[in-house]
**Student:** 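Before anything else, here's the structure in question.
Start at 1 and go down the list; that is how both ligands and their atoms are numbered.
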Amino acid sequence: MSDLKTKSLHAGALRPRIGGAVVTPIFQSSTFEYHGEDYHDVGYVRLSTTPNHVVLGKRVAALHGAEAALVTGSGMAAIAATMLTLLSSGDHLIVQDCLYGGTSGLLGDLTRLGIEHTAVDAQDPSSWRASLRESTGAIYFETLTNPLVQLADLEAVVEFAGQHGLVSIIDNTFASPVNFRPIAAGFDLVVESATKYMNGHNDIAAGCVVGSREQVEAIKRTLDHLGGSLDPHACFLLERGLKTIGLRVPYQSASALRIAEFLSAHPGVEKVNYPGLPEHPQHERAQRLLDGFGGVLSFELDGGTENAERFLGALELPAVAVSLGGAESLIVRPAAAVHSDLSPEERAETGITDGLIRFSVGLEDTDDLLADLETALQAAEGS
Ligand SMILES: Cc1ncc(COP(=O)(O)O)c(C=O)c1O
């Protein structure tokens with residue numbers, strides 16, 4: 001079983017099949033017969049020990065080519081459990097400068113608990129050394145940033161972590177194991193919001209942590225105490241969603257590339273951010289590191305916020321909504337939604353202008369999406 005598509009269907013499947021069922025049934029039981037196990041291994045939903053959790057753990061590990069994986073109640077549950085396992089009061093963490101807003105918020109909470117962090121310029125590895133402290137225990141990056149779709153020097157992150165004895169952690173949500181496999185690239189731990197590409201259907205919240213057996217086991221113990229397990233029905237949906245990841249993500253990546261090319265050639269569009277475009281500042285690195293450039297792009301229209309709002313209002317297919325990676329295309333103006341808690345000055349510092357639009361390309365036919373975009377662009381300009 002070497003191909004990701006085959007693994008996404010069969011890795012870790014229950015054998016013998018339960019009652020002959022081809023699909024893993026939903027084990028809707030909060031507790032299971034006790035056979036003398038230690039506390040963290042007892043069959044109990046919150047301890048992520050039901051057959052649904054066990055199958056998913058093995059499947060996600062196989063997709064990432066890792067020893068072990070754990071599914072969680074959300075991406076943030078995965079990130080919080082990971083940080084709280086690796087870091088204690090007095091410890092320090094190096095993070096990349098532009099992080100997902102929920103993660104930035106969590107870092108603020110961790111500061112209150114005595115866990116400090118320093119944000120570094122993701123594109124300038126020579127500057128990272130200055131942020132090292134005796135107490136630095138880990139380095140945390142994201143594969144593709146939100147919403148500007150920048151790709152950090154991930155090879156340098158792995159090298160830096162190795163040189164300084166840091167645990168390297170990457171949030172691989174935007175890439176999924178289809179576009180990038182961090183374990184093979186040398187990262188110690190991967191966290192993902194499985195709400196996005198892993199599940200791919202805009203219908204559950206879930207997360208995962210991937211790494212060595214020892215690390216994942218330690219993080220599971222923290223998750224057990226935080227109470228962040230995934231419920232069995234959501235496990236079933238995630239297992240079902242995962243089965244098509246090897247078909248969905250390459251299609252979304254190819255579709256996003258065509259849409260990025262269309263937008264960058266359009267006279268009404270000022271700027272397009274997509275690593276598949278030759279003019280993207282990290283295009284060469286993206287070609288080397290990624291298998292496909294992902295399904296998310298962002299762009300700015302001429303005419304700023306007002307035109308952007310008219311454009312969003314004229315679209316028929318993409319829903320104006322937060323989140324990404326699902327079957328239905330989603331589109332949002334980050335300054336009005338995902339990054340609305342930042343001041344205009346803070347947003348400007350990170351390059352998120354008020355008119356910037358983030359587009360998560362779904363599974364609709366690319367030509368239908370292009371036609372919808374063209375009509376909405378004309379409506380935005382014409383009024
Ligand atoms: C890059 C990234 N990481 C983590 C998360 C958090 O995931 P969840 O909403 O599943 O908790 C998100 C959610 O948008 C995200 O975009």
**Student:** Do Gln378 and Thr375 have side-chain N/O donor and acceptor atoms under 3.5 Å apart?
**Tutor:** no

**Student:** Give a yes or no answer on whether the side chain of Glu300 reaches the backbone of Leu356 with a donor-acceptor pair at less than 3.5 Å.
**Tutor:**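 Flag not set: sc Glu300 to bb Leu356 has no pair under 3.5 Å.
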
**Student:** Tell me which protein heavy atom sits closest to atom 1 (C) of ligand 1, plus the residue, atom name and distance to 0.1 Å.
**Tutor:**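 Protein heavy atom at minimum distance: Asp171 OD2, 3.4 Å.
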
**Student:** Testing Thr353, Asn273, Asn146 one by one against Ser298 for a side chain to side chain donor-acceptor pair (under 3.5 Å), which residue passes?
**Tutor:** Asn273

**Student:** At a non-hydrogen distance cut-off of under 4.0 Å, which region of Thr103 contacts ligand 1 (side chain, backbone, both, or neither)?
**Tutor:** neither

**Student:** For Ser74, take its heavy atoms, then give the atoms of ligand 1 lying under 4.0 Å from any of them.
**Tutor:** 10 (O), 11 (O)

**Student:** How does Lys196 reach ligand 1, if at all, at less than 4.0 Å between non-hydrogen atoms: by side chain, backbone, both, or neither?
**Tutor:** side chain

**Student:** In terms of atom number and element, which parts of ligand 1 are under 4.0 angstrom from non-hydrogen atoms of Ala206?
**Tutor:** 10 (O)

**Student:** Mark yes when over 12 heavy atoms from residues, nucleotides or ligands other than Glu33 sit less than 6.0 Å from its CD; otherwise mark no.
**Tutor:**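 Check fails, neighbour count at 12 or below.
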
**Student:** Among all protein heavy atoms in this structure, tell me which lies nearest to atom 6 (C) of ligand 1, with the distance rounded to 0.1 Å.
**Tutor:**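 Scanning the protein heavy atoms, the shortest distance from atom 6 (C) of ligand 1 goes to Tyr100 CE2, 3.4 Å.
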
**Student:** Examine the proximity of ligand 1 to Ala194 and report which part, side chain or backbone, both or neither, has a heavy atom under 4.0 Å away.
**Tutor:** neither

**Student:** Short N/O distance, under 3.5 Å, between Ser193 and ligand 1?
**Tutor:** yes

**Student:** Checking Asp97 against Val120 for the side chain to side chain contact (heavy atoms under 4.5 Å, CB included) test, could you report, in this order, the C-alpha distance in whole Å, the side-chain angles of both residues, the deciding distance, and whether it holds?
**Tutor:** CA-CA 5 Å; Asp97 43 8; Val120 294; over 6 Å; no

**Student:** Counting from 1, what ligand 1 atoms have a heavy atom of Ile79 closer than 4.0 Å?
**Tutor:** 4 (C)

**Student:** Return the NE2 to CZ distance between His201 and Arg248, rounded to the nearest 0.5 Å.
**Tutor:**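 So the NE2 of His201 and the CZ of Arg248 are separated by 5.5 Å.
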
**Student:** Tell me, which protein residue and heavy-atom name are nearest atom 10 (O) of ligand 1, and how many Å apart are they?
**Tutor:**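 Answer, as residue, atom name and distance: Thr195 OG1, 2.6 Å.
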
**Student:** Any salt bridge linking Arg213 with Glu217? Criterion: basic side-chain nitrogen under 4.0 Å from a carboxylate oxygen.
**Tutor:**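 Salt bridge between Arg213 and Glu217, a charged N being under 4.0 Å from a carboxylate O: no.
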
**Student:** Return a yes/no value for Met76: is any of its N or O atoms, backbone included, closer than 3.5 angstrom to an N or O of ligand 1?
**Tutor:** yes

**Student:** Check whether any N or O atom of Gly75, backbone or side chain, sits under 3.5 Å from an N or O atom of ligand 1, and answer yes or no.
**Tutor:**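 Yes.
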
**Student:** So that I can tick it off, tell me whether Asp109 and Arg112 are bridged by a salt bridge, with the cut-off set at under 4.0 angstrom between side-chain N and carboxylate O.
**Tutor:** yes

